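A short write-up of the structure that comes next.
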Amino acid sequence: MSATREASSPPKNPAENRPVVTRFAPSPTGFLHIGGARTALFNYLFARHHGGKFLLRIEDTDRARSTEPAIAAILDGLGWLDFDHDGEIVYQFERAARHAEVARELLANGNAYKCYATAEELEEMRAAQRAAKAPLRYDGRWRDRVAGPEFDNQPYVIRLKAPREGSVTINDRVQGAVTVANAELDDMVLLRSDGTPTYMLAVVVDDHDMGVTHVIRGDDHLNNAFRQLALIRAMGWEEPVYAHVPLIHGSDGAKLSKRHGALGVDAYRDELGMLPEAVENYLLRLGWGHGDDEFIDRAQAIQWFDLAGVGRAPARFDLKKLENVNGHYMRLADDARLVALVTPRIAAAIGRNLTAADQDLLLRSMSGLKIRAKNINELADSAIFYLRTRPIPIDERAASLLTPEAGDLLAQVHRDLVVLDSWTTQSTEAAVRAIAESRELGLGKLAQPLRAAVSGSTTSPGIFEVLEQLGREESLGRIADAIQLAKGKQ
RNA sequence: GGCCCCUUCGUCUAGCGGUCAGGACGUCGCCCUCUCACGGCGAAAGCACGGGUUCGAUUCCCGUAGGGGUCACCA
């Protein structure tokens, strides 16, 4: 139990006495990016920690920018990360009638009013404010004006009649007490002239109707919270607990956005070869801490997660650390699962589908491969040599090891291995070590050319392990190929 | 520009008035060793600055600087 913000700002919000309900509410205008994924994670963890509900709402009220593929991408991303939500997905646009109903209710009880100002008129207003270096905000020109008959058939928007005096304080669970003067807020549009709700109206109504108790979202919504609160109060509804989480920045410190280095979670999976549990762990540690703990799995995270542990400062995204975390989870991952992940990548690289025997070979070799890779791409690359057909390609560095002298050594290796009764890691190692000893050479002098011959590269899992997995015939064949190659250099 | 938020090693963070300022990634060195990894050991590296408050500030308060967010009939 920590005794910080939570204790210093005693829970006095009635919403905290209700069972926890959180929600993730992405707008489907693009992929699920890393910041959204973290917001989803925090909401998910908070709900699960408290045994509450984690709801999902698609904010598709912007008909022009919302797309089906974006919705699919977001659901795909959430599914990959395994953030299972409770209840049905709420599509905000389908609730437009309910939103309009609330706007009319506000209008009826005098907490909202019709504004007939045209877009051009408002632009003029802002231009004048800019010229006067005054803050840009709606001046309330229709706040107390009664429309004459000449406006009977004119389009209008409904604006909230927000308080102009005093100030509002939000007891944010992450940012602490934040106060803004009402004079800083203008009368926001609730219902557009075409009768559709704005985001401000929709979120408030939906959060209320869905029973959301804790609004956990990006810091970029902190300012919105004050306007939303005015609306909530006008309706006489219970206020949710707010927690505004700092944004994630790129490695250069600038805001991570779609045009600035932000990738969809699908790219972390497909292009960077990350495991979902690694992305989750990394994201959890980005902006949240629990003492010195670094590797925290799902169950542990649910047990430990709290809002008090969320930091107040924006964090920079560090791919190097993500890769380190990923490497950790790859080492922990089930071998068969890794084979499945690596199979399509290898198939693409070698231009053919893998047989059951291929997959079995990969499975047997996986323990030696996975400790050497930081992501699935590297894992696939490092495994390809097992499945090459002779003569296998030899890379430049490996080729340079295959000198005529190395050819002689390999010839003896071939002679001594071909007569072996059993073909195991132990038997081949013993044979090669015997050669090294008789020639008074370090094992490396033999192992490296052997590695070049068998793997086509200068790095690989333990060479005797490789020999065993590859089998006697294939191994000896590759060695013979290399001897030919080395001789050809004379 | 107005308003709001933020500021501990390069990066992510621990720290809740008295600590040799801890851990992790990254970097460098050593060990292990058939290569590369893994693993182990070690090193360099930080409280943005200035004022207060206090016996004592990384920690509390106020400024300054820097960074970020937000100011639509987008979400």
Side-chain angles (χ1 to χ4, degrees), chain A residues 2-5 7-8 25-29 59-62 64-66 92 115 117-119 122-123 126 130 133-138 155-159 172 174-176 178-181 183-186 188-194 196 198-200 202-203 218-224 226 244 246-247 249 251 253-255 282 285-295 311-318 320-325 327 331 368-374 378 382 401 429 432-433 436 442-448 450-452 455 457-464:
Chain A
S2 66
T4 45
R5 258 165 293 151
S8 58
S27 61
T29 54
E59 311 233 312
D60 55 353
T61 54
D62 184 344
R65 297 199 303 156
S66 297
Q92 194 161 59
C115 168
T118 62
L122 291 176
E123 193 34 58
R126 287 189 201 101
R130 259 190 294 272
K133 287 181 180 158
L136 271 51
R137 57 178 81 104
Y138 176 68
Y156 62 86
V157 299
I158 294 180
R159 287 182 184 271
D172 195 275
V174 171
Q175 304 296 342
V178 184
T179 302
V180 166
E184 297 296 330
L185 279 17
D186 60 6
M188 63 181 171
V189 173
L190 264 19
L191 211 60
R192 303 188 185 102
S193 51
D194 64 358
T196 61
T198 60
Y199 160 77
M200 289 290 182
V203 244
D219 201 16
D220 49 340
H221 285 284
L222 181 56
N223 291 291
N224 287 337
F226 292 92
H244 289 93
L247 303 178
H249 289 176
S251 54
K255 183 188 181 184
Y282 176 72
R285 286 287 294 102
L286 203 56
W288 180 85
H290 184 273
D292 286 340
D293 299 300
E294 295 289 344
F295 296 114
R312 287 144 302 245
R316 295 191 189 201
F317 190 86
D318 182 6
K320 277 286 199 295
K321 182 135 183 177
L322 206 208
E323 289 207 307
N324 174 267
V325 175
R331 273 168 252 138
L369 291 169
K370 69 181 181 184
I371 60 166
R372 297 177 161 77
K374 294 189 295 294
E378 285 185 7
S382 70
L401 288 177
E429 175 164 2
V432 174
R433 277 192 188 278
L443 183 58
K445 283 279 185 285
L446 287 170
Q448 276 308 85
L450 187 52
R451 169 169 286 110
S455 76
S457 120
T458 52
T459 65
S460 80
I463 190 60
F464 304 108

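A quick note: this is a predicted structure, and the numbers were derived from the prediction, not measured.
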Base, sugar-phosphate, or nothing for A/Ser382, non-hydrogen atoms under 4.0 angstrom?
nothing
A/Tyr138, OH atom: more than 12 neighbouring heavy atoms under 6.0 Å:
yes
Check the distance between B/C5's P and A/Glu184's CD and give it to me in whole angstrom.
12 Å
Would you mind telling me which of B/A37, B/A75, B/U70 lies closest to the side-chain atoms of A/Asn223?
B/U70
Between A/Glu123 (CD) and B/C71 (P), how many Å, whole number?
15 Å
Take A/Tyr282 and A/Asn324, measure what side-chain contact (heavy atoms from CB on, under 4.5 Å) needs, and give me the verdict at the end.
CA-CA 9 Å; A/Tyr282 176 72; A/Asn324 174 267; over 6 Å; no
Please name the residue in the list A/Asp219, A/Asp220, A/Asp172 that meets the side chain to side chain donor-acceptor pair (under 3.5 Å) test with A/His244.
A/Asp172
Any side-chain heavy-atom pair of A/Leu286 and A/Lys321 under 4.5 Å
no
Could you tell me how far apart A/Tyr199 (OH) and B/C71 (P) are, to the nearest whole angstrom?
10 Å
Please determine whether any donor N or O and acceptor N or O are separated by less than 3.5 Å between the side chain of A/Asp219 and the base of B/G69.
no
Contact check, side chains of A/Cys115 and A/Val189, non-hydrogen atoms, under 4.5 Å:
no
Closest approach to the side chain of A/Asn324, judged atom by atom: which nucleotide of B/C6, B/G26, B/G69 is it?
B/G26
Rounded to whole Å, the CD-C1' distance (A/Glu294 to B/G26) equals 13 Å
Do A/Thr198 and B/C73 share a donor-acceptor pair, side chain to base, under 3.5 Å?
no
What distance, rounded to whole Å, do you find between the two P atoms, one in B/G10 and one in B/U64?
26 Å
So what does A/Ala183 touch, heavy atoms closer than 4.0 Å: a base, only the sugar-phosphate, or nothing?
nothing
Residue-phosphate contact under 4.0 Å: A/Arg126 side-chain N/O, B/A72 OP1/OP2
yes
Is any N or O donor-acceptor pair between the side chain of A/Arg451 and the base of B/C34 shorter than 3.5 Å?
yes
Just to be sure I understand the rule, does A/Pro26 reach a base, reach only the sugar-phosphate, or reach nothing, if contact means heavy atoms closer than 4.0 Å?
nothing
With respect to the side chain of A/Met200, which nucleotide from B/A75, B/U35, B/C3 is positioned closest?
B/A75
Any N/O donor-acceptor pair, A/Lys374 side-chain to B/A37 base, under 3.5 Å:
no
Pick the P atom in B/U59 and in B/C47, then give their distance to the nearest Å.
13 Å
Could you check how far CD of A/Glu323 sits from C1' of B/C25, rounded to whole Å?
11 Å
Let's see if you can work this out: which of B/C6, B/U35, B/C73 has an atom nearest to the side-chain heavy atoms of A/Gln448?
B/U35
Would a 4.5 Å heavy-atom cut-off, applied to side chains only, mark A/Arg372 and A/Glu378 as touching?
no
Is A/His244 stacked on the base of B/G69, meaning ring centres closer than 5.5 Å and planes within 30 degrees of each other?
no
What integer number of Å spans the P atoms of B/U13 and B/U19?
25 Å
Identify whether any heavy atom of A/Ile371 sits under 4.0 Å from a base atom; if not, whether one sits that close to sugar-phosphate; answer base, sugar-phosphate or nothing.
base
Going by heavy atoms in the side chains, are A/Tyr199 and A/Asp62 under 4.5 Å from each other?
no
Among B/C4, B/A75, B/G69, which is the nearest nucleotide to the side chain of A/Asp220?
B/G69
OP1, OP2 of B/U35 versus side-chain N and O of A/Ser460: anything below 4.0 Å?
no
Rounded to whole angstrom units, what separation is found between the CZ atom of A/Arg316 and the P atom of B/U8?
11 Å
Going by an N to O cut-off under 4.0 Å, is there a salt bridge joining A/Arg126 and A/Glu123?
yes
Can you tell me if A/Arg137 touches the phosphate of B/C3, counting only side-chain N or O atoms and a distance under 4.0 Å to OP1 or OP2?
no
Is the shortest side-chain N/O distance from A/Arg285 to OP1 or OP2 of B/G23 below 4.0 Å?
no
Contact class for A/Gly287 vs. all strands (heavy atom < 4.0 Å): base, sugar-phosphate, or nothing?
sugar-phosphate
Can you figure out which of B/C34, B/U13, B/U7 approaches the side chain of A/Arg312 most closely?
B/U7
Span that lies between the C1' atom of B/G39 and that of B/C49, in whole angstrom:
43 Å
Between B/C6 and B/A44, how far apart are the two P atoms, rounded to whole Å?
34 Å
Measure the distance from NE2 on A/His249 to P on B/C5 and round it to the nearest whole Å.
16 Å
Candidates B/C38, B/C25, B/C6 - which lies nearest the side chain of A/Gln175
B/C6
Over all strands shown, is A/Ile463 touching base, sugar-phosphate only, or nothing at heavy-atom distances under 4.0 angstrom?
base
Within this structure, what is the NE2-to-P distance between A/His221 and B/C3, rounded to whole angstrom?
23 Å
At 4.0 Å (heavy atoms only), tell me whether A/Arg331 reaches a base, stays on the sugar-phosphate, or touches nothing.
sugar-phosphate
Given the C1' atoms of B/U58 and B/G15, what is the spacing between them in whole Å?
8 Å
Under 4.0 Å, heavy atoms only, any strand: does A/Asn224 hit a base, just the sugar-phosphate, or nothing?
base
With sugar-phosphate meaning primed atoms plus P, OP1 and OP2, does A/Val178 contact a base, only sugar-phosphate, or nothing at under 4.0 Å between heavy atoms?
sugar-phosphate
